[in-house]
Amino acid sequence: VDALIVVAHPEPRSFNAALADAAADTLRECGWRVQRSDLYAMCFDPVLGRGDFAAPQNPELLNVSLEQRHAVANGTLAADVAAELDKLLRADLLVLQFPLWWFGMPAVLKGWIDRVFVSGVTYSRRAMYERGKLRGKRAVVGVTTGAPAAAFGRGALHGDIADLLAPLHRGVLGFTGMAVLPPYVAHHVPYAGAAERAAMLDGWRRHLRGLDALTPLPMPRLEDHPELADDAFHRGAA
Ligand SMILES: Cc1cc2nc3c(=O)[nH]c(=O)nc-3n(C[C@H](O)[C@H](O)[C@H](O)COP(=O)(O)O)c2cc1C
């Protein structure tokens with residue numbers, strides 16, 4: 001019953017901000033407790049680096065995954081990351097709201113993922129996909145585009161939006177075990193008039209009210225790749 005809405009847009013009066021507001025209101029109406037991380041408003045630092053680790057295990061040679069595990073175990077993870085990780089772990093539903101920038105998410109959101117989805121807590125070598133540590137949670141993406149709907153699809157000018165979202169859907173959300181619900185895409189936003197915007201806001205509200213009826217996107221299963229789940233494989237590779 002806890003939802004976390006993460007929004008990545010620099011303008012509080014943007015359509016993306018309006019979509020995030022609509023999501024918060026709708027989810028609250030549906031009985032969710034809603035937390036919000038407005039990454040620009042928070043001035044969230046998206047750059048993963050040494051600064052994430054106040055008391056590194058090895059100050060000489062940075063190994064990010066190992067330091068993430070060490071920092072979590074010792075409570076020395078940077079405070080801004082720890083706070084976001086807490087919100088993520090408390091959430092049963094993660095909503096990511098962003099404009100499509102260069103076929104992907106804005107850098108601040110990529111950086112939020114880089115820093116917050118820490119090794120050992122959200123995934124491990126043996127805990128990915130159906131065994132991922134965030135299993136039991138659901139995730140849904142709300143994305144806006146400048147291009148019209150007709151520009152997306154198999155064989156269309158920009159290709160299938162599912163392919164553009166795959167690094168996020170499969171590589172982050174599915175990888176860590178979350179059930180990834182179908183995204184909501186608002187197209188042609190800079191060119192939409194008031195009526196079209198109202199209709200797109202409404203579509204997002206309906207999408208969220210109907211969450212329980214949505215079938216999660218198909219994801220790979222680690223158990224279908226037993227050779228990769230085998231410790232001997234990783235020892236051999238090391
Ligand atoms: C840096 C940047 C990159 C963009 N890249 C894309 C893109 O790859 N595909 C697309 O359809 N629109 C692209 N756009 C347009 C935005 O997606 C569009 O302006 C936004 O979704 C509108 O929502 P907003 O009014 O809340 O900003 C881009 C815009 C910017 C500023």
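Scope of the values below: all heavy atoms of this structure, side chains included, with no hydrogens, waters or symmetry mates.
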Cation-pi, F44 ring and R115 (6.0 angstrom, 45 degrees):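 Relative to the ring axis of F44, which defines the angle, R115 lies inside both limits.
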
[atom1]/[X] to [atom2]/[Y] distance, rounded to the nearest 0.5 angstrom?
{"X": "F152", "Y": "L100", "atom1": "CZ", "atom2": "CG", "answer": "5.5 Å"}
{"X": "F53", "Y": "L62", "atom1": "CZ", "atom2": "CG", "answer": "6.0 Å"}
{"X": "Q68", "Y": "L85", "atom1": "CD", "atom2": "CG", "answer": "9.5 Å"}
{"X": "L211", "Y": "R138", "atom1": "CG", "atom2": "CZ", "answer": "5.5 Å"}
{"X": "R205", "Y": "Y184", "atom1": "CZ", "atom2": "OH", "answer": "10.0 Å"}
{"X": "S14", "Y": "Q97", "atom1": "OG", "atom2": "CD", "answer": "8.5 Å"}

Backbone of [Y] reached by a side-chain donor or acceptor of [X] within 3.5 Å:
{"X": "E130", "Y": "L222", "value": "yes"}
{"X": "S124", "Y": "G120", "value": "no"}
{"X": "T145", "Y": "A147", "value": "yes"}
{"X": "E196", "Y": "G193", "value": "yes"}
{"X": "N74", "Y": "T76", "value": "no"}
{"X": "D52", "Y": "L48", "value": "no"}
{"X": "W32", "Y": "V1", "value": "no"}
{"X": "E67", "Y": "N58", "value": "yes"}
{"X": "H207", "Y": "P182", "value": "yes"}

Write down the atom of [X], the atom of [Y], and the distance for their closest heavy-atom approach.
{"X": "P190", "Y": "G146", "result": "CD-CA, 3.7 Å"}
{"X": "K87", "Y": "R36", "result": "NZ-O, 3.8 Å"}
{"X": "G51", "Y": "A78", "result": "O-CB, 3.9 Å"}

Using the side chain to side chain contact (heavy atoms under 4.5 Å, CB included) rule, take V95 and L27 through it: C-alpha gap first, then chi angles, then the decisive distance, then the call. CA-CA 10 Å; V95 180; L27 291 172; 4.0 Å; yes

Step-by-step side chain to side chain contact (heavy atoms under 4.5 Å, CB included) determination, V108 to Y40: CA-CA 8 Å; V108 72; Y40 277 95; 3.7 Å; yes

Is [Y] reachable from [X] through a run of I, L, V, M, F, W or Y residues, each pair having side-chain heavy atoms under 4.5 Å apart?
{"X": "L134", "Y": "M219", "answer": "yes"}
{"X": "V7", "Y": "L181", "answer": "no"}
{"X": "M178", "Y": "L168", "answer": "yes"}

Criterion side-chain contact (heavy atoms from CB on, under 4.5 Å) against V140, the qualifying member of L208, L94, V180, L173: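 With V140 as partner, L208, L94, V180, L173 yield a single side-chain contact (heavy atoms from CB on, under 4.5 Å), made by L208.
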
Determine, stepwise, if the pair D224 / Y129 fulfils side chain to side chain contact (heavy atoms under 4.5 Å, CB included). CA-CA 11 Å; D224 293 335; Y129 295 113; over 6 Å; no

Take atom NZ of K137 as the centre, draw a 6.0 Å sphere, and report whether it contains more than 12 heavy atoms from other residues, nucleotides or ligands.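 Result for NZ/K137: enclosed.
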
Is it the case that more than 12 heavy atoms not belonging to R131 sit under 6.0 Å from its CZ atom?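 Enclosed: over 12 neighbouring heavy atoms sit under 6.0 Å from CZ of R131.
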
Could you please spell out the steps behind the side chain to side chain contact (heavy atoms under 4.5 Å, CB included) verdict for H169 and L217? CA-CA 9 Å; H169 278 159; L217 306 178; 3.6 Å; yes

Only counting residues at least two apart or in another chain, list the ones meeting salt bridge (charged side-chain N to carboxylate O under 4.0 Å, His left out) with R69.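 Not a single residue meets the salt bridge (charged side-chain N to carboxylate O under 4.0 Å, His left out) criterion with R69.
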
Could you check whether H9 and F15 have their ring centres less than 6.0 Å apart?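 No, ring centres 6.0 Å or more apart.
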
If you take the centroid of each ring, where Trp contributes its six-membered ring, are F175 and Y123 closer together than 6.0 Å?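 Yes: the rings meet the under 6.0 Å criterion.
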
Heavy-atom check, side chain of L93 versus side chain of L4, under 4.5 Å: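 No. Closest side-chain heavy atoms not under 4.5 Å.
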
Would you mind reporting whether R170 and P220 have side-chain heavy atoms less than 4.5 Å apart?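 P220 reaches R170 side chain to side chain.
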
